[in-house]
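Since the structure comes first, as structure tokens, the remarks are kept for the end.
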Amino acid sequence: MLLKALNLSCIPLINQADIVTILIIVVVIFSFLLILGVRKSYKLKKENERLNSMNTTIDDENKKPYKDFTDGHMYGGN
């Protein structure tokens with residue numbers, strides 16, 4: 001009786017082909033995510049280079065003079 005129980009436990013529940021199929025599916029999914037990540041990184045790098053090359057200086061003629069906002073009645077300036 002004990003010999004039959006040991007024999008049944010030796011039967012593989014998952015075939016080798018099933019394991020290979022699961023591994024292939026996992027590799028395809030992670031490869032897809034990796035490709036999306038690399039593509040996004042490339043786009044962000046390109047956008048960063050474009051933003052860095054922009055002219056970010058402010059013209060002095062378009063500047064407005066500073067106006068003190070604390071002269072109002074809420075700040076006790078009366």
Check your understanding: Hey, any chance V28 and L33 share a hydrophobic cluster, counting ILVMFWY side chains that come within less than 4.5 Å of each other, even indirectly?
Key -> no
**Study point:** Ion pair check, R50 and E47, cut-off under 4.0 Å
**Key:** yes
**Study point:** From I24 atom CD1 to I29 atom CD1, the distance as rounded to the nearest 0.5 Å
**Key:** 12.5 Å
Review point. Under a 4.5 Å cut-off applied to non-hydrogen side-chain atoms, are F30 and L34 in contact?
Key: no
Check your understanding: In Å, rounded to the nearest 0.5 Å, how long is the span from CD1 of I19 to CG of N15?
Key -> 8.5 Å
Review point. Nearest 0.5 Å, what's the OG-CG distance between S53 and N48?
Key: 10.0 Å
**Study point:** Check: T21 side chain, A17 main-chain N or O, donor-acceptor pair, under 3.5 Å
**Key:** yes
